[in-house]
Amino acid sequence: MLKPSRLSRGLRFASQTPPRDTRYARINDADLKNFEKILGKSYVKTEEIDSFNKDWTKWYSGNGACVLLPSTSEEISAILRHCHERRIAVVPQAGNTGLVGGGIPVHDEVILSVRRMNREFDFDPDTGVLSCDVGHVLEELEGKVGEFGYMMPFDLGAKGSCLIGGNLSTCAGGIRLLRYGSLHSHLLGLRVVLPDAKGSLVEFGSELRKDNTSLHAHHLFLGSEGQLGVITGVKMTCVTKPISVQSAMLGVNTFDECRKILRIAKTKLGEILSSFELMDRETIGVLEDNLQFSNVIKTNPRFNILVETSGTNIDHDREKVDNFLEYCLSERLANDGVQAKSAEEHRLMWRLRESATIALTLDGIVFKNDFSLPLHSFYQLTEEVRARVGGAAKRVVCYGHMGDGNSHLNVTSTKENADRVYKMLYPFVYEWVVKHGGSISAEHGIGQLKRPYVNLGKSTEERNLIRSLKTLFDPREILNPYKFL
Ligand SMILES: O=C(O)CC[C@@H](O)C(=O)O
Ligand SMILES: [Zn+2]
């Protein structure tokens with residue numbers, strides 16, 4: 001029934017695919033029968049499961065033996081109880097929009113999809129607290145809380161297909177983090193099924209904003225990439241929807257000036273600043289070449305900066321943005337600055353920023369990176385990489401959430417040059433980032449891509465503690481094996 005083992009592409013480049021762990025049982029007919037008993041026949045899939053076994057970029061692919069599609073926490077509990085007893089490895093999967101292969105099996109792990117976990121939805125418009133199952137699509141939640149005058153406190157390019165469960169387990173960041181903080185700032189409680197002998201269903205936290213009656217253990221699950229338990233429900237705060245959203249784009253000649261502009265944005269736009277995004281000229285190049293988009297700024301600048309404000313008074317916010325732009329232009333920090341005067345202009349600015357990922361997938365093999373870096377070395381790495389890979393790569397582009405120090409350095413190459421480029425990049429970039437006080441995963445997670453490098457810069461004490469936590473939650477290590485824990 002199972003296809004022969006294949007290597008996933010990301011790991012092939014890393015040439016460190018961990019071998020299949022023989023402690024894990026292979027699925028047999030009796031297991032499938034039991035899953036069918038728990039879920040019903042239609043929700044245990046063994047055929048046409050390619051879309052679950054591969055990520056959307058086709059970079060990772062596994063041989064998951066079957067896909068299970070539960071719709072309640074009780075069903076997940078029964079599944080994990082069985083998998084614990086038989087020691088069957090399980091990969092929890094949400095919307096499958098990740099970029100590091102965290103929700104894709106490495107070998108024949110059972111895929112536990114939370115797509116059907118979308119019954120519960122409850123929203124309190126007084127407190128802004130959302131309680132829901134984890135299978136809701138982010139954009140749908142945005143629409144639902146929008147009816148009450150609220151919005152989700154984060155926004156991602158993948159919002160049309162990513163699920164809130166995946167957002168939580170990767171601790172997704174996105175373009176509004178600068179204003180509203182990370183998911184940790186909004187998480188109040190979680191319902192989790194543990195992979196223990198009972199398939200324990202545990203409610204962590206509460207729906208209270210202030211609750212110091214226990215350890216805030218629910219925060220451990222944010223960014224744990226489904227390795228401690230399966231999150232099935234969340235209680236979190238939403239934020240009020242802004243009445244006025246303004247966008248502006250600036251053309252800038254040097255990265256030093258971009259840093260100065262960020263400081264000015266913080267002081268001049270203050271409480272309404274919600275995004276500060278960067279795109280270098282090479283990013284605009286890939287958008288022009290592969291998607292035929294054109295830059296909103298016509299001075300062919302070295303950098304494009306996209307600033308967004310979210311506030312409650314259109315006239316007041318526009319005036320603030322005008323003053324900010326005027327200041328940057330008069331101080332010659334920017335060579336051009338445009339404020340979006342219509343919804344269409346706003347859309348065109350954001351289309352540029354949000355389409356970079358797609359434009360790159362049309363460029364060949366893409367080596368993706370997601371670093372947090374201190375601002376003084378934020379762009380230095382891109383320049384060093386450009387000099388290092390020389391003509392071997394097709395493009396070296398940098399864009400990202402400069403306002404919170406998150407750079408997406410992407411390198412593309414032809415198929416023929418891919419191995420060469422890979423060797424020039426890794427581990428060089430990871431070591432560089434750690435040496436300069438950065439993080440090798442700002443918001444995309446570790447997944448399969450960075451697993452071999454996850455211990456860089458981490459102390460033995462920290463690693464040992466984290467290992468013991470894993471064993472505590474998942475004594476037979478069945479949840480998302482071959483990943484960073
Ligand atoms: O494509 C990337 O590298 C980044 C994707 C996403 O995090 C973004 O900020 O657009
Ligand atoms: Zn990002």
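What you see below is based on every heavy atom in this structure, not just the backbone, and it leaves out hydrogens, waters and symmetry mates. Computed from a predicted structure; not experimentally measured. First listed ligand is number 1; within each ligand, the first listed atom is number 1.
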Exercise. Does CD in E326 sit with more than 12 non-hydrogen atoms of other residues, nucleotides or ligands closer than 6.0 Å?
Worked result: no
Nearest to [atom], what protein heavy atom do you find, and at what distance?
| atom | value |
| --- | --- |
| atom 8 (C) of ligand 1 | R353 NH2, 3.4 Å |
| atom 2 (C) of ligand 1 | Y399 OH, 3.0 Å |
| atom 7 (O) of ligand 1 | H444 NE2, 2.7 Å |
| atom 5 (C) of ligand 1 | T357 OG1, 3.5 Å |

Problem set entry | ligand 1 contact on I175 by region, counting heavy-atom pairs under 4.0 Å | neither
Exercise. For E354, is the nearest heavy atom under 4.0 Å from an atom of ligand 1?
Worked result: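 Per 4.0 Å heavy-atom rule, E354 does not contact ligand 1.
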Exercise. Can L99 be said to touch ligand 1, with heavy atoms closer than 4.0 Å?
Worked result: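 True for this residue.
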Atom indices of ligand 1, in the order listed, that fall short of 4.0 Å to a heavy atom of [X]:
| X | value |
| --- | --- |
| K368 | 1 (O), 2 (C), 3 (O) |
| E443 | 7 (O), 9 (O) |
| H401 | 9 (O) |

Exercise. Is it true that R395 and D363 make a salt bridge, defined as a side-chain N closer than 4.0 Å to a carboxylate O?
Worked result: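 Looking at R395 and D363, the cut-off is met.
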For this session: Over 60° means perpendicular and under 30° means parallel, so classify the ring planes of F473 and F204, tilted if in between.
Result: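 Rings of F204 and F473: tilted, 30 to 60°.
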For this session: Return the orientation label for the Y430 and Y426 ring planes: parallel under 30°, perpendicular over 60°, tilted otherwise.
Result: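 Aromatic pair Y430/Y426 classed tilted.
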Problem set entry | Derivation of the side chain to side chain contact (heavy atoms under 4.5 Å, CB included) call for I175 and E308 | CA-CA 10 Å; I175 55 181; E308 186 194 74; 5.7 Å; no
Problem set entry | N369 N/O under 3.5 Å from ligand 1 N/O | no
Exercise. Among L485, L220, D474, whose side-chain contact (heavy atoms from CB on, under 4.5 Å) with L469 holds?
Worked result: L220
For this session: Could you please tell me which protein N, O or S atoms lie under 2.8 Å from the Zn ion (ligand 2)?
Result: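 Checking every protein N, O and S atom gives H401 NE2, H408 NE2, E443 OE2.
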Problem set entry | Ring centres under 6.0 angstrom apart (F255, F378) |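 Judged by ring-centre distance (under 6.0 Å), F255 and F378 do meet the cut-off.
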